[in-house]
Amino acid sequence: MRKTLTKLPHLITFEAACRNSNFTRAAEELGVTRVSVSRQIAELEQELGATLFVRDHRKTSLTSAGRLLEAEVAPALHQIANAIQNVSKTSGDVPLTVTTTTAFATYWLMPRMVDFSNQFPEVELNLVVTDRKLDLAAENIDVAIRYAKDKPLGDNVTPLLRERIFPVLSPKYSPNTSLSEPADLTRENLLHLSGIYRPEARWPHWFSANGLVLPAESTKVALNTYINMLQAAIAGQGIALAGNPLVDPYLADGTLMKLDGFLEIERDYFYLINATTDRDDAEKFCSWVIEQAA
């Protein structure tokens, strides 16, 4: 086998060239130059004594010999790669990759991570914090916590927490009114979310649900991230429309106060997605998250 498989790296390049039907795209995928791909294919053809590709200016196509080799080599290489990945996962050497949003990581997950580390010191986590909706398979994500209007597709998806939003303010804030009814908020400094957030998370929707119209001049401070909005509220710059579970720690320690008796609007769920099938560390993490949420 050692004598036969002298061109194993060339076969990996060959497989990439087959999938991409283009040497340049194969080179980009492999992180090498197009010249390197072309040279390896030429060396493989010389070794086999057969032409594998018909070269065109923009595209390559397989010869009959190339199709024969591709039919055997591609499945074999993928099988080897899967076997290596599976062994690595079961050995515990691969960190568990978890993704969630910036706000959820900052206000809910990270304050609890000491407890997880104490309970499961053997589990190594790779936390990917982003507000982009990642392709879990393409990005090699094992577990995701996502805020979504509809339940994500998949076999192992658990509704974790449902958000409720309501007005919150800091003890540092100096109100202009008695804050005894929703109409008072039309005369207060309101902190507005801008950017990617849906209308249901914004003040105009909350006022509409109360049978009121928000005056245009009330939009004095607009922030494009949930974190910045909460920080502005904590600093006493205005009243924010925020919700549990993300503001729960601040309500508990008095950093923020909830306006009791004001309308609370139920919104979307945070969903827990276990994208793995046989990882013990993923099961441990997901069980811990569900326990924390309960």
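Keep in mind the model is a prediction, meaning the values are calculated, not measured.
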Could you tell me which residues satisfy side chain to side chain donor-acceptor pair (under 3.5 Å) with [X], sequence neighbours excluded, listed by chain and number?
{"X": "Thr177", "value": "Glu188"}
{"X": "Asn20", "value": "Glu29"}
{"X": "Glu70", "value": "none"}
{"X": "Asn228", "value": "Thr225"}

Just by distance, with hydrogens left out, do [X] and [Y] show a side-chain donor and acceptor under 3.5 Å apart?
{"X": "Gln40", "Y": "Thr13", "value": "yes"}
{"X": "Glu47", "Y": "His10", "value": "no"}
{"X": "Trp288", "Y": "Asp115", "value": "yes"}

Problem set entry | Trace of the side chain to side chain contact (heavy atoms under 4.5 Å, CB included) decision for Arg162 with Glu266 | CA-CA 7 Å; Arg162 189 171 191 180; Glu266 284 193 337; 3.1 Å; yes
Please examine the side chains of [Y] and [X], heavy atoms only from C-beta on, and report whether any two atoms are closer than 4.5 Å.
{"X": "Leu193", "Y": "Leu223", "answer": "no"}
{"X": "Phe116", "Y": "Val123", "answer": "yes"}
{"X": "Pro167", "Y": "Trp206", "answer": "yes"}
{"X": "Ile290", "Y": "Leu160", "answer": "yes"}
{"X": "Phe207", "Y": "Leu185", "answer": "yes"}
{"X": "Asn140", "Y": "Thr97", "answer": "no"}
{"X": "Leu246", "Y": "Thr106", "answer": "no"}
{"X": "Leu214", "Y": "Leu190", "answer": "yes"}

[atom1]-[atom2] distance between [X] and [Y], expressed to the nearest 0.5 angstrom:
{"X": "Glu124", "Y": "Ser117", "atom1": "CD", "atom2": "OG", "value": "11.0 Å"}
{"X": "Ile239", "Y": "Tyr173", "atom1": "CD1", "atom2": "OH", "value": "4.5 Å"}
{"X": "Leu125", "Y": "Met113", "atom1": "CG", "atom2": "CE", "value": "4.5 Å"}
{"X": "Leu96", "Y": "Asp142", "atom1": "CG", "atom2": "CG", "value": "5.0 Å"}
{"X": "Thr60", "Y": "Ile41", "atom1": "OG1", "atom2": "CD1", "value": "8.5 Å"}
{"X": "Phe23", "Y": "Ser36", "atom1": "CZ", "atom2": "OG", "value": "11.5 Å"}

Would you check if the side chain of [X] reaches a backbone N or O of [Y] as a donor-acceptor pair within less than 3.5 Å?
{"X": "Trp108", "Y": "Val247", "result": "no"}
{"X": "Ser208", "Y": "Pro204", "result": "no"}
{"X": "Thr63", "Y": "Leu52", "result": "yes"}
{"X": "Arg267", "Y": "Ile265", "result": "no"}
{"X": "Ser170", "Y": "Leu256", "result": "no"}
{"X": "Asn274", "Y": "Thr276", "result": "yes"}
{"X": "Arg202", "Y": "His192", "result": "no"}

For this session: Before giving the answer on side chain to side chain contact (heavy atoms under 4.5 Å, CB included), spell out for Thr130 and Thr101 the whole-Å C-alpha distance, their side-chain angles and the decisive distance to 0.1 Å.
Result: CA-CA 5 Å; Thr130 177; Thr101 64; over 6 Å; no
Write down the atom of [X], the atom of [Y], and the distance for their closest heavy-atom approach.
{"X": "Arg34", "Y": "Ala27", "value": "N-CB, 3.6 Å"}
{"X": "Tyr226", "Y": "Gly243", "value": "OH-N, 3.2 Å"}
{"X": "Leu263", "Y": "Ala209", "value": "CD2-CB, 3.6 Å"}
{"X": "Ala105", "Y": "Pro111", "value": "O-CD, 4.1 Å"}
{"X": "Ala42", "Y": "Arg55", "value": "N-NH2, 4.3 Å"}

Show which residues join [X] in its hydrophobic cluster (side-chain heavy-atom contacts under 4.5 Å, direct or indirect), or state none.
{"X": "Val114", "result": "none"}
{"X": "Leu68", "result": "none"}
{"X": "Val157", "result": "Val128, Leu134, Leu136, Ile141, Tyr269, Tyr271, Ile273"}

For this session: Check the hydrophobic clustering (I, L, V, M, F, W, Y; side-chain heavy atoms under 4.5 Å; chains of links allowed) and say if Ile12 and Leu48 are grouped together.
Result: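 Linked, Ile12 and Leu48 end up in one cluster.
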Exercise. Does Val54 belong to the same Ile/Leu/Val/Met/Phe/Trp/Tyr cluster as Phe14, with side-chain heavy atoms less than 4.5 Å apart forming each link?
Worked result: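 No; tracing contacts between hydrophobic side chains, which count when under 4.5 Å, never links both residues.
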Exercise. Does the pair Glu283 and Arg279 meet the rule for a salt bridge (Lys or Arg N to Asp or Glu O under 4.0 Å), with working shown?
Worked result: CA-CA 7 Å; Glu283 291 293 336; Arg279 287 196 61 162; over 6 Å; no
Provide the full list of salt bridge (charged side-chain N to carboxylate O under 4.0 Å, His left out) pairs with a residue in [range], sequence neighbours left out, each pair given once.
{"range": "residues 99-109", "answer": "none"}
{"range": "residues 126-141", "answer": "none"}
{"range": "residues 169-186", "answer": "Asp184-Arg187"}

Exercise. Ion pair present between Glu43 and Arg39, side-chain N to carboxylate O less than 4.0 angstrom?
Worked result: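 Yes, charged N to carboxylate O under 4.0 Å.
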Exercise. Is it true that Lys284 and Glu122 make a salt bridge, defined as a side-chain N closer than 4.0 Å to a carboxylate O?
Worked result: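 Salt bridge between Lys284 and Glu122, a charged N being under 4.0 Å from a carboxylate O: yes.
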Problem set entry | Where at least one partner belongs to residues 229-243, residue pairs that pass side chain to side chain donor-acceptor pair (under 3.5 Å), sequence neighbours excluded |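 Non-adjacent pairs meeting side chain to side chain donor-acceptor pair (under 3.5 Å): Tyr107-Gln231.
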For this session: Please collect all side chain to side chain donor-acceptor pair (under 3.5 Å) contacts where either partner lies in residues 251-260, sequence neighbours excluded, each pair once.
Result: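 Side chain to side chain donor-acceptor pair (under 3.5 Å) check on residues 251-260 returns Asp253-Thr255, Lys258-Glu264.
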For this session: With Leu169 as reference, evaluate Leu191, Asn189, Leu259, Ile234 under the side-chain contact (heavy atoms from CB on, under 4.5 Å) test and give the passing residue.
Result: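 The residue from Leu191, Asn189, Leu259, Ile234 that satisfies side-chain contact (heavy atoms from CB on, under 4.5 Å) with Leu169 turns out to be Leu259.
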For this session: Report the C-alpha separation of Glu200 and Arg164 in whole Å, then their side-chain angles, then the decisive distance to 0.1 Å, and conclude whether the salt bridge (Lys or Arg N to Asp or Glu O under 4.0 Å) test is met.
Result: CA-CA 11 Å; Glu200 294 84 358; Arg164 288 178 296 112; over 6 Å; no
Exercise. Are Thr158 and Cys286 close enough, and set up right, to give a side chain to side chain contact (heavy atoms under 4.5 Å, CB included), and what steps lead you there?
Worked result: CA-CA 9 Å; Thr158 305; Cys286 290; over 6 Å; no
For this session: State yes or no: are the ring centers of Phe104 and Tyr147 separated by less than 6.0 Å?
Result: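 That pair fails the under 6.0 Å test.
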